[in-house]
*Asks:* 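Okay, here's the structure, questions in a sec.
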Amino acid sequence: MMPPYAMPAALMDPPEEGAIAHAGSPLVEGATPASRDAVIDSLQEIYDPEIPVNIYDLGLIYEIEIDDHGDCKILMTLTAPACPVAGTLPGETAEKVATLEGIGRVEVNLTWEPPWTPERMSEVARVALDMF
């Protein structure tokens with residue numbers, strides 16, 4: 001399912017491999033860190049504006065790590081370096097996850113390797129996009 005209109009290319013150069021977005025602040029000592037499932041639920045509320053599927057089910061999230069202090073590291077990619085939201089989606093992701101109770105500092109690292117492919121999508125995404 002493609003939009004019925006032309007999508008503009010990004011107005012800036014795509015972010016470099018390893019670009020990092022930060023958000024949040026340290027949790028108070030003794031706070032219980034959020035679960036991986038809570039982080040996934042939060043990621044499932046963020047959508048690529050070109051595709052009616054959330055970034056988690058789209059397969060853009062490669063890794064999620066939460067340490068004992070509630071700090072969270074996420075490794076993500078985008079469907080393409082020229083994606084119109086390439087410069088903003090990692091920051092939006094960091095900000096969204098940082099709002100979770102039990103999450104302190106969030107670091108979102110952008111990678112282009114391995115490149116995203118449609119095979120990374122969940123079954124939910126394949127059904128939503130009629131690609132099964």
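Because the structure is a prediction, the values reported are computed rather than measured.
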*Asks:* Quick check: do Leu100 and Val39 have side-chain heavy atoms less than 4.5 Å from each other?
*Replies:* yes
*Asks:* Looking at every heavy atom in both Pro49 and Val85, which two are closest together, and how far apart are they?
*Replies:* CG-CG1, 3.5 Å
*Asks:* Is the shortest side-chain heavy-atom distance between Thr79 and Leu60 below 4.5 Å?
*Replies:*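 In contact.
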*Asks:* So which heavy atom on Ala86 is nearest to which on Pro81, and how close?
*Replies:* CB-O, 3.5 Å
*Asks:* Answer yes or no: is there a side-chain heavy-atom contact under 4.5 Å between Ile64 and Cys72?
*Replies:* yes
*Asks:* Find the distance between OH (Tyr47) and CG (Leu58) and round it off to the nearest 0.5 Å.
*Replies:*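 One finds 11.0 Å between OH of Tyr47 and CG of Leu58.
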*Asks:* Do you know which two heavy atoms are closest between Ala34 and Ala38, and how far apart they sit?
*Replies:* CB-CB, 4.4 Å
*Asks:* Any non-hydrogen side-chain atom of Glu119 less than 4.5 Å from a side-chain atom of Arg126?
*Replies:* yes
*Asks:* Scan Asn54, Asp48, Ile55 and name whichever one has a side-chain contact (heavy atoms from CB on, under 4.5 Å) with Ile51.
*Replies:*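 Testing Ile51 for a side-chain contact (heavy atoms from CB on, under 4.5 Å) against Asn54, Asp48, Ile55 leaves exactly one candidate, Asp48.
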*Asks:* Which of these passes side-chain contact (heavy atoms from CB on, under 4.5 Å) with Met121: Leu129, Asp57, Val53?
*Replies:*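 Running side-chain contact (heavy atoms from CB on, under 4.5 Å) over Leu129, Asp57, Val53 with Met121 returns exactly one hit, Leu129.
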*Asks:* How about His69: does its NE2 atom have over 12 heavy atoms from other parts shown lying under 6.0 Å from it?
*Replies:* no
*Asks:* Quick check: closest heavy atoms across Ile66 and Pro33, and the distance to 0.1 Å?
*Replies:* CG2-CB, 4.3 Å
*Asks:* Going only through I, L, V, M, F, W and Y residues with side-chain contacts under 4.5 Å, is there a path from Leu75 to Ile103?
*Replies:*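 Cluster IDs for Leu75 and Ile103 match.
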*Asks:* Would you tell me whether Glu113 and Thr111 have side-chain atoms, one donor and one acceptor, within less than 3.5 Å of each other?
*Replies:*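 Glu113 vs Thr111: no donor-acceptor pair found between side chains.
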*Asks:* Hey, what do you get for CD (Glu95) to OG1 (Thr88), rounding to the nearest 0.5 Å?
*Replies:* 12.0 Å
*Asks:* Distance-only, no hydrogens or angles: does the Arg120 side chain make a donor-acceptor pair with backbone N or O of Tyr62 under 3.5 Å?
*Replies:* no
*Asks:* Are the side chains of Ser122 and Tyr56 in contact, using a 4.5 Å heavy-atom criterion?
*Replies:*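 In short, these two side chains do not touch, never coming nearer than 4.5 Å.
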*Asks:* Is any side-chain heavy atom of Trp116 closer than 4.5 Å to a side-chain heavy atom of Leu78?
*Replies:* no
*Asks:* With a 4.5 Å heavy-atom cut-off, do Thr93 and Val106 have their side chains touching?
*Replies:* no
*Asks:* Looking at Arg105, is its backbone amide N or carbonyl O close enough to the side chain of Asp71 to form a donor-acceptor pair, meaning the two atoms are under 3.5 Å apart?
*Replies:*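 The answer is yes, because a donor-acceptor pair under 3.5 Å joins these two groups.
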*Asks:* Going only through I, L, V, M, F, W and Y residues with side-chain contacts under 4.5 Å, is there a path from Ile40 to Ile61?
*Replies:* yes
*Asks:* May I have the step-by-step check of side-chain contact (heavy atoms from CB on, under 4.5 Å) for Ile46 and Leu89, ending in yes or no?
*Replies:* CA-CA 9 Å; Ile46 304 169; Leu89 197 56; 3.8 Å; yes
*Asks:* With a 4.5 Å limit on heavy-atom distance, are the side chains of Met76 and Leu110 in contact?
*Replies:*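 Yes; the side chains approach each other to less than 4.5 Å.
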*Asks:* Is the shortest distance from a Lys or Arg side-chain nitrogen in Glu63 or Lys73 to a carboxylate oxygen in the other one below 4.0 Å?
*Replies:* no
